[in-house]
Amino acid sequence: MHQLIRRLWGRFSAHLDPFLTWVALALMVVGSMTVYSATYVGNSRLLPEMVNLFSAFLLMWFVARMPPQTLMRFGIPLYVLGLILLVGVWVAGVKVNGAKRWLNIGVTRIQPSEIMKIAMPLMLAWYYQCYEASRNWRQHLVAAVLLLVPVALIAKQPDLGTAILVAAAGFYVIFLAGLPWKVILAMLAAAGAAAPMIWNVLHDYQRKRILTLLDPSSDPLGAGYHIIQSTIAIGSGGIFGKGWLNGTQTHLEFIPEKHTDFIFAVFSEEWGLIGNLVLVMLYLLLIGRAMVIAANAPTLFTRLLGGSITLIFFTYAFVNMGMVSGILPVVGVPLPFISYGGTALVTLFLGLGILMSIQTHRMLVKK
């Protein structure tokens with residue numbers, strides 16, 4: 001019996017990277033405990049979260065078994081599908097809370113912008129692979145156009161958080177493909193010069209978020225409420241925290257969106273500085289291992305794709321912790337593997353599956 005279990009586990013885990021798997025499982029445990037703590041009074045989200053985690057983990061396992069060459073074939077179809085769906089949202093999308101981000105397909109509603117978080121790096125990595133032997137400024141220009149079209153459609157919904165993540169995913173591929181530093185500096189200078197025009201294009205609530213970042217007390221019961229309450233919760237956790245299920249800010253309903261975007265405030269209040277250091281260490285271990293996989297990838301496509309996914313993990317964690325701590329504007333980015341939500345988990349575990357596919361198939365080729 002013991003041998004049978006070992007044999008079955010060996011077959012199941014053959015394409016899973018052990019290090020990434022154990023770190024992901026650790027983050028899943030932390031996320032499940034925090035979601036339970038944030039929602040156990042009233043409407044518990046633990047069971048749906050466990051279903052989401054199980055489904056996302058199975059998707060990761062399935063993708064990890066696919067060779068990178070097969071993944072590369074999905075680049076164009078997935079990108080074109082995402083673009084068509086984004087246009088569909090623009091034309092006939094469902095408006096929820098003032099934002100038109102959803103598309104009704106009959107049996108359910110989908111958020112097409114989420115598709116672009118994976119489709120964008122896949123498409124651009126495939127594109128650069130095709131021009132590996134003759135890369136020049138023209139390839140970077142075409143890649144920029146491929147990136148800006150869906151980002152503009154997502155920003156128009158408006159969904160600034162997802163637009164930033166999709167833009168980052170695409171930019172990381174372009175940067176890793178050899179975008180010169182002088183071009184990056186010129187882009188930053190141009191963005192600075194265009195800041196007044198960009199400010200006028202922003203929606204009122206987006207401008208208010210930026211102003212609130214500078215002075216949350218200017219609107220303590222409105223736009224500044226989220227940041228004020230989250231920073232109070234983080235500070236009240238102290239060094240060792242108040243203990244699991246004992247967060248007063250959490251359970252007295254002061255923290256808004258406490259099981260999704262602001263779940264880091266819940267975790268910080270209950271586990272304190274020590275818990276935060278452990279969480280950051282888990283993220284660093286995940287990102288470090290992913291960087292090693294990307295650096296050792298055998299082809300340009302897998303290096304660009306792996307590097308982009310790795311930096312996206314960093315972007316998710318940095319932006320969420322930054323906005324909850326009050327050092328970045330609130331843009332609606334979940335804490336990776338911790339926040340409640342099915343779509344974001346699917347995207348993140350899909351990224352892990354791609355990294356495992358790159359690593360395990362490289363090892364199989366070596367053997």
*In this structure, which one of Ile354, Leu305, Leu304 forms a side chain to side chain contact (heavy atoms under 4.5 Å, CB included) with Pro121?*
Leu305
*Sort out for me which residue in Tyr316, Phe264, Phe262 forms a side chain to side chain contact (heavy atoms under 4.5 Å, CB included) with Pro334.*
Tyr316
I need the minimum non-hydrogen distance between [X] and [Y], along with the two atoms involved.
{"X": "Gln139", "Y": "Tyr128", "result": "O-OH, 3.9 Å"}
{"X": "Leu85", "Y": "Pro112", "result": "CB-CB, 3.5 Å"}
{"X": "Gln229", "Y": "Pro256", "result": "CB-CD, 4.4 Å"}
{"X": "Gly247", "Y": "Lys242", "result": "CA-CD, 4.4 Å"}
{"X": "Ile234", "Y": "Ala265", "result": "CG1-CA, 4.2 Å"}
{"X": "Ala56", "Y": "Leu345", "result": "CB-O, 3.9 Å"}

Nearest 0.5 Å, please: how far is [atom2] in [Y] from [atom1] in [X]?
{"X": "Ile338", "Y": "Leu279", "atom1": "CD1", "atom2": "CG", "answer": "5.5 Å"}
{"X": "Phe240", "Y": "Trp271", "atom1": "CZ", "atom2": "CH2", "answer": "13.5 Å"}
{"X": "Asp17", "Y": "Met356", "atom1": "CG", "atom2": "CE", "answer": "6.0 Å"}
{"X": "Met28", "Y": "Phe337", "atom1": "CE", "atom2": "CZ", "answer": "9.5 Å"}
{"X": "Asn320", "Y": "Ile263", "atom1": "CG", "atom2": "CD1", "answer": "9.0 Å"}
{"X": "Ile293", "Y": "Gln359", "atom1": "CD1", "atom2": "CD", "answer": "5.0 Å"}

If Ile, Leu, Val, Met, Phe, Trp and Tyr residues are connected whenever their side-chain heavy atoms lie under 4.5 Å apart, and connections chain through other members, are [X] and [Y] in the same group?
{"X": "Ile274", "Y": "Val324", "result": "no"}
{"X": "Leu355", "Y": "Trp22", "result": "yes"}
{"X": "Met33", "Y": "Met50", "result": "yes"}
{"X": "Val173", "Y": "Trp137", "result": "no"}
{"X": "Ile174", "Y": "Val183", "result": "yes"}

Close side-chain approach of [X] and [Y], heavy atoms under 4.5 Å:
{"X": "Phe301", "Y": "Leu122", "value": "yes"}
{"X": "Trp244", "Y": "Tyr36", "value": "yes"}
{"X": "Val23", "Y": "Arg289", "value": "no"}
{"X": "Phe313", "Y": "Met291", "value": "no"}
{"X": "Thr39", "Y": "Glu49", "value": "no"}
{"X": "Ser308", "Y": "Phe171", "value": "no"}
{"X": "Leu59", "Y": "Val346", "value": "yes"}
{"X": "Ser113", "Y": "Val166", "value": "no"}

Under a 3.5 Å threshold, yes or no: a donor from one side chain and an acceptor from the other, between [X] and [Y]?
{"X": "Tyr340", "Y": "Lys258", "value": "no"}
{"X": "Gln111", "Y": "Asp159", "value": "yes"}
{"X": "Tyr172", "Y": "Thr315", "value": "yes"}
{"X": "Thr162", "Y": "Lys117", "value": "no"}
{"X": "Ser230", "Y": "Gln249", "value": "no"}
{"X": "Thr34", "Y": "Ser37", "value": "no"}

*Over 12 non-hydrogen atoms of neighbours within 6.0 angstrom of CE in Met72*: yes
*Evaluate whether atom CD1 of Ile239 has more than 12 neighbouring non-hydrogen atoms of other residues, nucleotides or ligands under 6.0 angstrom away.*
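At most 12 heavy atoms, drawn from other residues, nucleotides or ligands, come within 6.0 Å of this atom.
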*asked:* Run Ile227 and Met323 through side-chain contact (heavy atoms from CB on, under 4.5 Å) and show every step you take.
replied: CA-CA 8 Å; Ile227 295 177; Met323 76 176 192; over 6 Å; no
_For a side-chain contact (heavy atoms from CB on, under 4.5 Å) check, start with the C-alpha distance between Leu335 and Tyr283, then their side-chain angles and the critical distance, and finish with the verdict._
CA-CA 11 Å; Leu335 187 61; Tyr283 283 133; 3.4 Å; yes
*Please report the C-alpha distance between Leu53 and Ser32 in whole Å, then the side-chain angles of each, then the deciding distance to 0.1 Å, and finally whether the side-chain contact (heavy atoms from CB on, under 4.5 Å) criterion is met.*
CA-CA 9 Å; Leu53 286 170; Ser32 299; 3.2 Å; yes
*List in chain and number order the residues that pass salt bridge (Lys or Arg N to Asp or Glu O under 4.0 Å) with Arg303, two or more places apart in sequence or in another chain; answer none if no residue qualifies.*
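Partners of Arg303 by the salt bridge (Lys or Arg N to Asp or Glu O under 4.0 Å) criterion come out as none, since no residue qualifies.
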*Within the 6.0 Å centroid threshold, strictly below: Phe175 and His140*: no
*Whether Phe349 and Phe57 hold their rings parallel, tilted or perpendicular, with breakpoints at 30° and 60°*: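 Perpendicular: the ring planes of Phe349 and Phe57 meet at over 60°.
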